[in-house]
Amino acid sequence: MVKFTILAGGYTSYIASYMFNSETNNLTYLNQYITGGNPSWIISHPTNKSILYATNENVPAGALQSFTVGPEGALTLVDTAYSGGSGPPYCGGLSTGQVAIVNYGSGTARVIPTTTDPLHFSINDSTIVTFPVPTTGTQGVSEPHMAYQYGEELLIPDKGNDKIWRLGQNGSPGNFSVHGQIAQPIGSGPRHIQIYENQLYTIHELASTLTLQDFPAYPNFSTPLISNVSTVPYYQPAGSSFAAAEVLIPLPTAEFPTPYIYTSNRNIGVQDPRGDTIAIFEKVDNRLVLRNQVYTGLDQIRGMMHGQQAGEGGDAYIVAAGFAGTAGVKVYKRTEGGANLEEVAVNTELPTRTSFVWLKQ
């Protein structure tokens, strides 16, 4: 029997904790821990699971917070730092001990060093990166949505600029600047990315597409798209409006040898009574092939996370929730080698959640 703690952020003033029992398929709400406003994105320290980082997606001034994680996900707030802008939807710990945060509402990003431990921030040593106002596309403003470390670079998808910015550190920690870009289709709105075997997978919010391209060696401007597919289910209710949100690629294991790609669809218009879907793709001969559209009963899946981050036993599961509605939090088991999903647990005590972290109890 394996029990997991699942931490869940959201547009509230707390982070919730759940316990998932994989033997009984029970998802139990445990507690909630007070945070700053709107901890919409949470993420573990890359090497220390007893440390958690969270955004405060507030306007006009966002924040980054650090917490210690105790038994059953009990959180203790340690430090808070200004995010460098407005409405930060994402943060991520770097291998260097720094923490990156992007500000969707102000078109800025910041990499904040930590001090002698990963829990305390050193904001005086951090510069704010401001992205340019786009001259093409539909948004008219820069809208950075993620920070992804790849090697020594920091990659930031910008929905408004239709680019993935390439940032590098200039000398001391916290001092980053743009040194390149990877162009994306105009009007597509790149939101989140994953890189697997040196290939770039991008989920595009405005186009609701998943694209594949070889990762361009620095300082190349870009590489051609190898594959570009829609994430939207075939049946679309009248009045529906889709905005793809998340992309996950769990690493292959003995039980799940194929690196399937999982993307979340958000219908922000008239809802299908079956809810939004998680679309599952496979790369076959450098083409993205749809394997399944799994209806979830959820309303606007903004965030989901695979349990592989918890270690052994977690690779069989994915947790998801809606940004809207009352369907709560759901756990899915990967079936057919990962090509399909089966709902195995649900908890509706909290109607919505937006991001997740898995921990093994």
Side-chain angles (χ1 to χ4, degrees), residues 2-21 26-59 61-83 87-93 99-101 112 114-115 117-121 123 246 301-307 309-311 314 317-331 345-361:
V2 180
K3 292 182 179 179
F4 300 94
T5 297
I6 300 176
L7 298 173
Y11 287 103
T12 54
S13 292
Y14 59 83
I15 294 170
S17 61
Y18 297 82
M19 191 273 285
F20 173 58
N21 186 320
N26 285 328
L27 181 64
T28 304
Y29 171 75
L30 296 176
N31 211 332
Q32 58 184 239
Y33 302 94
I34 299 300
T35 66
N38 300 312
S40 62
W41 189 265
I42 61 174
I43 194 163
S44 288
H45 183 277
T47 59
N48 186 343
K49 302 303 181 185
S50 68
I51 294 173
L52 184 83
Y53 299 118
T55 62
N56 290 170
E57 195 176 339
N58 296 328
V59 175
L64 173 69
Q65 293 190 306
S66 65
F67 301 83
T68 58
V69 183
E72 296 188 336
L75 299 179
T76 301
L77 175 64
V78 177
D79 202 3
T80 301
Y82 173 50
S83 69
Y90 192 97
C91 65
V99 186
I101 188 165
I112 302 176
T114 53
T115 58
D117 66 75
L119 288 161
H120 293 88
F121 303 124
I123 59 173
E246 185 60 284
I301 308 172
R302 183 183 185 270
M304 59 182 186
M305 182 55 67
H306 55 81
Q309 65 179 188
Y317 300 99
I318 288 176
V319 63
F323 163 76
T326 59
V329 176
K330 297 188 176 185
V331 175
V346 60
N347 186 289
T348 59
E349 292 189 50
L350 298 177
T352 63
R353 293 283 86 191
T354 59
S355 60
F356 301 95
V357 163
W358 287 78
L359 302 166
K360 185 176 288 187
Q361 284 199 343

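Both backbone and side-chain heavy atoms feed into the values below; hydrogens, waters and symmetry mates do not.
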S.K.: Grab the two heavy atoms, one from Arg302 and one from Glu246, that are nearest each other, plus how far apart they are.
M.R.: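 Heavy-atom minimum between the residues: O-CB, 4.1 Å.
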
S.K.: For Thr55 and Cys91, indicate whether the former's side chain and the latter's backbone hold a donor-acceptor pair under 3.5 Å.
M.R.: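 Answer holds: no.
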
S.K.: Can you name the nearest heavy-atom pair linking Glu57 to Gly87, along with the distance?
M.R.: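 Nearest heavy atoms, Glu57 then Gly87: CG-C, 3.6 Å.
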
S.K.: If I take atom NE2 from residue His45 and atom OG1 from residue Thr114, how far apart are they, to the nearest 0.5 angstrom?
M.R.: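 Answer rounded to 0.5 Å: 6.5 Å.
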
S.K.: With side-chain contact (heavy atoms from CB on, under 4.5 Å) as the test, would you mind laying out the steps for Asn38 and Tyr11 before giving the verdict?
M.R.: CA-CA 4 Å; Asn38 300 312; Tyr11 287 103; 3.6 Å; yes

S.K.: side-chain contact (heavy atoms from CB on, under 4.5 Å) between Ile6 and Val331: does it pass, once the steps are laid out?
M.R.: CA-CA 10 Å; Ile6 300 176; Val331 175; 4.3 Å; yes

S.K.: So which heavy atom on Gly325 is nearest to which on Pro351, and how close?
M.R.: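 What the structure gives for the nearest pair is O-CB, 3.6 Å.
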
S.K.: I need the Tyr33 OH to Leu77 CG distance, nearest 0.5 Å.
M.R.: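 Atom-to-atom, Tyr33:OH and Leu77:CG are 14.0 Å apart.
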
S.K.: Could you pull out every donor-acceptor pair under 3.5 Å between side chains of residues 61-76 and any protein atom, sequence neighbours left out?
M.R.:
{"from": "Gln65", "atom 1": "OE1", "to": "Gly36", "atom 2": "N", "distance (Å)": "3.0"}
{"from": "Gln65", "atom 1": "OE1", "to": "Asn56", "atom 2": "ND2", "distance (Å)": "3.2"}
{"from": "Gln65", "atom 1": "NE2", "to": "Thr80", "atom 2": "OG1", "distance (Å)": "3.1"}
{"from": "Ser66", "atom 1": "OG", "to": "Asp79", "atom 2": "N", "distance (Å)": "3.3"}
{"from": "Ser66", "atom 1": "OG", "to": "Leu119", "atom 2": "O", "distance (Å)": "2.6"}

S.K.: Compare every heavy atom of Asn58 with every heavy atom of Gly37, then report the nearest pair and how far apart it is.
M.R.: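 Here Gly37 and Asn58 meet closest at O-OD1, 3.1 Å.
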
S.K.: Please identify each residue that fulfils side-chain hydrogen bond (donor to acceptor under 3.5 Å, both in side chains) with Tyr29, with sequence neighbours left out.
M.R.: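 Once residues adjacent in sequence are excluded, the partners of Tyr29 under the side-chain hydrogen bond (donor to acceptor under 3.5 Å, both in side chains) criterion are Gln32.
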
S.K.: Roughly how far apart are Ser355 OG and Trp41 CH2, rounded to 0.5 Å?
M.R.: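 Reported value, rounded in 0.5 Å steps: 6.0 Å.
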
S.K.: Just to verify, what does Ser13 make a side-chain contact (heavy atoms from CB on, under 4.5 Å) with, not counting sequence neighbours?
M.R.: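 Residues passing side-chain contact (heavy atoms from CB on, under 4.5 Å) with Ser13: none at all.
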
S.K.: Going from CG on Leu359 to CG on Leu52, what distance comes out if it is rounded to the nearest 0.5 angstrom?
M.R.: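 Nearest 0.5 Å value for the CG-CG distance: 8.0 Å.
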
S.K.: Who are the ring pair (Phe, Tyr, Trp, His ring centres under 6.0 Å) partners of Tyr53, not counting sequence neighbours?
M.R.: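 Ring pair (Phe, Tyr, Trp, His ring centres under 6.0 Å) list for Tyr53, sorted by chain: empty.
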
S.K.: Could you grab the distance from atom OG1 of Thr348 to atom NZ of Lys330, nearest 0.5 Å is fine?
M.R.: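 Between Thr348 OG1 and Lys330 NZ, I get 10.0 Å after rounding to 0.5 Å.
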
S.K.: Who passes side-chain contact (heavy atoms from CB on, under 4.5 Å) against Ala8, sequence neighbours left out?
M.R.: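 Applying side-chain contact (heavy atoms from CB on, under 4.5 Å) to Ala8 gives Tyr18, Arg353, Phe356.
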
S.K.: Supply the atom-to-atom distance Leu7 CG to Ser44 OG, rounded to the nearest 0.5 angstrom.
M.R.: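 Answer for the CG-OG pair, Leu7 versus Ser44, is 7.5 Å.
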
S.K.: Would you say Ile43 and Tyr90 make side-chain contact, with heavy atoms under 4.5 Å?
M.R.: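 Counting from C-beta outward, Ile43 and Tyr90 do come under 4.5 Å.
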
S.K.: Who passes side-chain contact (heavy atoms from CB on, under 4.5 Å) against Gln309, sequence neighbours left out?
M.R.: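 With sequence neighbours excluded, Gln309 shows a side-chain contact (heavy atoms from CB on, under 4.5 Å) to Met305, Val357, Trp358, given in chain and number order.
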
S.K.: Verify side-chain contact (heavy atoms from CB on, under 4.5 Å) between Leu350 and Thr12, making sure each step is shown before the conclusion.
M.R.: CA-CA 11 Å; Leu350 298 177; Thr12 54; over 6 Å; no

S.K.: Side-chain contact, heavy-atom cut-off 4.5 Å: Phe323 with Thr352?
M.R.: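 Answer no - side chains too far apart.
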
